[in-house]
Amino acid sequence: MSALRLYDSLTRQVRDFVPLIPGRASIYVCGLTVQSEPHVGHVRSAVNFDVLRRWLSASGLAVDFIRNITDIDDKILTKSAEQGRPWYNLAYDMSRALDQAYTSLNVLPPTYEPLATGHIPEMVELIAELIDAGHAYVAPDASGDVYFDVQSWPAYGELSGQRVDDMEAAADADPRGKHDPRDFALWKGHKESEPVTASWPAPWGRGRPGWHIECSAMAGKYLGADFDIHGGGVDLRFPHHENEQAQSRASGRGFAQTWMHNAWITTAGEKMSKSLGNSLVVGEVIKRVRPVELRYYMVAAHYRSMVEFSFEALDEAAASYRRIEGFLERASRATGELPAGFVAAMNDDLGTPAALAVLHDTVRAGNKALAAGDSAVAEAGSVVAMLSVLGLDPADPAWGTASESGLHGALDALVSTLLEQRAAARAAKDWAAADGVRDALKAAGVEVEDTPEGPKWSLS
RNA sequence: GGUGGGUUGGCCGAGAGGCGAGGCAACGGACUGCAAAUCCGUGAACACGGGUUCAAAUCCCGUACCCACCUCCA
């Protein structure tokens, strides 16, 4: 069996994945800042890394998977003030919406999902270490801010491939207290204009953590000083991941062995921004296609390729998925093996497009066997195994809810009655009456097809 | 100004020196009362201009256009 190779953003090459601890894989993925409803761009990251996680598990590794939630930051404070409600209420509401979006797309829950606000002591400890080591300093202007000293860490810029001198100044704090304009905030002193609830005690005064320090602290707490993979969207590469790397290594931790970054979903040729409106919010998109079809759409592109989102392409993906689903409905479901081609594709930096090509080839072979009167058990088993690795098994209980299956039962009873009438008309060769029933059902959104086992119906 | 990615058939989307990924759509055939589904088959692509090579979508140089990051962002 081939070995897993992954593209590492730090060294910019595809490398063999060798876990620090044999048989285990530790992953930290930057989750979201919960400040608005999640759109399809946001969840791509979660779906991509969910596929990674499932593949590692399928490869026999025990996976420790941590994905954080940033529930305190500038934007949350600004937005909640605009909306006239407590910042923690906005953050909580949005984190519940996010959770719902993840669940609807069959993204497995992480091992743990730490909140930034729950780990202030760990951050304070880490900042203190950095101050002691001479890599951070308390701003001399009595603001209570603490900055990372970029000049004290020569490797700064290694992750994003930039030289410090080419960089623009960080603008997340008043530059008056900084040694160097590129220094970034580890701790932001409390301001009178901000709610007292958004501040915590620290040796250098009340305040709140900077954005970057939280991931360093939480990754360290749950995965240790050294872990295997750190993931997130490409936009996080700089400054967020660069800063995490600098802080963590400057404090003597080895930090991530491999950095993985997923590409964007764009719309109208541009990055999907949070100000685009509601049409691409996950909850809206899954009114048009089923969640499993949206997930298929995301998995069909390589995680490092930009995807130009369009509803047309989404509909195509849905049609493609239904072909697979249709095969499984006709074949007898079984358990089976992963084809070697599929394994090789997944091992090659999670080559999901090539993996899906193998899946479709298997579906064709299976359909062919069915057409020849065979049961296609082997193919069906393989297809189920592949789908399950990708989180796309249509029989996964994650896709259905009790109320939906109840509705389905009621509908089935009604449709069956109509189909009996149609069967009677067909037996009498009254094609007009038979087609009338089928047309009426179609108008209601129910497709009927005749099979050797009798008529079958499905929602179109 | 600095950094990274991209441009593939009607559409989506892989590949990364020689064997036409796969899907969607289209067309022809088989099957069907007719459809649908399925099977068989068909066509068609590598932004542009040079170069290297026996051989280039793939490597090199140049050009154009697009996107992202350098400020909060998946």
Side-chain angles (χ1 to χ4, degrees), chain A residues 9 12 29-33 35-36 38-49 70 73-76 78-79 157 160-163 165-172 182 184 211 231-240 242 261-266 269-275 296-297 300-302 304-308 310 312-324 326-327 329-330 341 345 348 351-361 363-364 366-372 426 429-432 434-435 438-439 442 447-452 455-458 460:
Chain A
S9 304
R12 294 169 201 236
V29 173
C30 285
L32 288 184
T33 298
Q35 44 127 345
S36 59
H39 58 58
V40 293
H42 291 132
V43 291
R44 180 184 187 185
S45 181
V47 168
N48 286 161
F49 286 106
T70 298
D73 91 321
D74 294 352
K75 263 235 156 105
I76 291 172
T78 309
K79 282 210 175 184
S160 54
Q162 302 187 95
R163 286 172 306 176
D165 291 341
D166 290 334
M167 292 180 195
E168 295 173 5
D172 63 342
R182 270 94 36 148
F184 56 90
W211 177 35
V234 275
D235 59 316
L236 296 180
R237 190 161 164 166
F238 190 93
H240 188 52
E242 185 75 60
H261 292 100
N262 65 279
W264 296 103
I265 294 181
T266 58
E270 287 183 1
K271 180 175 171 178
M272 197 172 279
S273 84
K274 289 177 178 173
S275 55
Y296 179 89
Y297 176 61
H302 187 82
R304 286 194 285 125
S305 292
M306 271 192 287
V307 170
E308 166 71 13
S310 77
E312 292 72 22
L314 184 62
D315 290 342
E316 279 182 12
S320 180
Y321 181 74
R322 284 194 210 106
R323 176 182 163 79
I324 300 167
F327 165 64
E329 280 166 12
R330 269 171 267 120
D348 183 14
T352 52
L356 285 182
V358 174
L359 201 158
H360 274 107
D361 286 342
V363 166
R364 161 163 293 123
N367 275 326
K368 200 169 175 175
L370 286 177
R426 291 180 77 203
K429 295 208 189 302
D430 182 353
W431 308 126
D435 290 351
R438 188 169 61 191
D439 291 345
K442 182 167 186 164
E447 298 274 0
V448 175
E449 54 180 284
D450 294 316
T451 74
K456 280 195 171 178
W457 68 271
S458 59
S460 55

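The sequence lines fix the lettering, A, B, ..., with proteins before strands; numbering per chain opens at 1.
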Among all residues two or more places apart in sequence or in another chain, which pass the side-chain contact (heavy atoms from CB on, under 4.5 Å) test with A/P455?
A/L419, A/R422, A/V448, A/D450

The salt bridge (charged side-chain N to carboxylate O under 4.0 Å, His left out) partners of A/R323 (sequence neighbours excluded) come to none

C1' atoms of B/G20 and B/G6, separation to the nearest Å:
23 Å

All side chain to side chain donor-acceptor pair (under 3.5 Å) counterparts of A/N262, not counting sequence neighbours:
A/S45

Ignoring hydrogens, what is the shortest heavy-atom contact between A/A301 and A/R44? Give both atom names and the distance.
CB-NH2, 4.4 Å

Report each atom pair, protein N/O against N/O of nucleotides 13-17 of chain B, whose distance is under 3.5 angstrom.
{"residue": "B/A14", "atom": "OP1", "partner": "A/H302", "partner atom": "N", "Å": "2.8"}
{"residue": "B/A14", "atom": "OP1", "partner": "A/S305", "partner atom": "OG", "Å": "3.0"}

Any side-chain N or O of A/H42 under 4.0 Å from OP1/OP2 of B/A74?
yes

Writing each nucleotide of RNA chain B 5' to 3' as (, ), [, ], | or . by Watson-Crick or G-U pairing under 3.5 Å yields (((((((..(((.....[...))).(((((.......)))))....(((((..]....))))))))))))....

What is the distance, rounded to the nearest whole Å, between atom CG of A/D361 and atom P of B/C39?
11 Å

Going by the rule side-chain contact (heavy atoms from CB on, under 4.5 Å), which residues pair with A/D361 if we only count those two or more places apart in sequence or in a different chain?
none

A/R330: salt bridge (charged side-chain N to carboxylate O under 4.0 Å, His left out) partners, not counting sequence neighbours
none

Can you sort out the partners of A/R438 under salt bridge (charged side-chain N to carboxylate O under 4.0 Å, His left out), two or more places apart, ordered by chain and number?
A/D435

When all nucleic acid strands are considered with a 4.0 Å heavy-atom cut-off, which category describes A/G326: base, sugar-phosphate, or nothing?
nothing

Separation of atom CZ in A/F238 from atom P in B/U3, rounded to whole Å:
14 Å

To the nearest angstrom, the CG-C1' distance between A/D235 and B/C69 comes to 8 Å

Rounded to the nearest angstrom, tell me the gap between atom NE2 in A/H261 and atom C1' in B/G5.
14 Å

With nearest nucleotides of RNA chain B determined for A/L236 and A/S310 from heavy-atom distances, which residue corresponds to the more 5′ nucleotide?
A/S310

Please report the distance, rounded to the nearest Å, between CG in A/D74 and P in B/U71.
14 Å

Looking at residues at least two apart in the chain, or sitting in another chain, which of them share a side chain to side chain donor-acceptor pair (under 3.5 Å) with A/D315?
A/R288

Distance between the P atoms of B/G15 and B/G5, in whole angstroms?
15 Å

Excluding sequence neighbours, so at least two apart, what forms side chain to side chain donor-acceptor pair (under 3.5 Å) with A/H360?
A/S320

Polar side-chain atom of A/Q35 near backbone of A/I76 as donor-acceptor pair, under 3.5 Å
no

What's the OH-C1' distance between A/Y321 and B/C24, to the nearest Å?
17 Å

Please measure how far the C1' atom in B/A47 lies from the corresponding atom in B/C65, and state the result in whole Å.
8 Å

Check A/E242 against A/G157 and note the closest heavy-atom contact, atom names and distance.
OE2-N, 2.7 Å

P atom, B/G18 versus B/U58: distance in rounded Å?
11 Å

Do nucleotides 26-38 of chain B as a string where each nucleotide becomes B, S or -: B if the base has a protein heavy atom under 4.0 Å, S if just the sugar-phosphate does, - if no protein is that close.
-------BBBBSS

If I pick the P atom on B/C60 and the same atom on B/C70, what distance separates them, to the nearest angstrom?
28 Å

Identify, between A/S320 and A/G161, the residue whose nearest nucleotide on RNA chain B lies closer to the 5' end.
A/G161

For A/Q162, what residues pass the side chain to side chain donor-acceptor pair (under 3.5 Å) criterion, not counting sequence neighbours?
A/S160

In this structure, how many angstroms lie between the C1' atom of B/A21 and the CG atom of A/L356, rounded?
11 Å

Atom CD of A/E316 and atom P of B/G10 are separated, to the nearest Å, by 14 Å

Rounded to the nearest 0.5 Å, how far does CG of A/D73 lie from NZ of A/K79?
10.5 Å

So what does A/G31 hit on the nucleic acid, given a heavy-atom distance under 4.0 Å: a base, only sugar-phosphate, or nothing?
sugar-phosphate

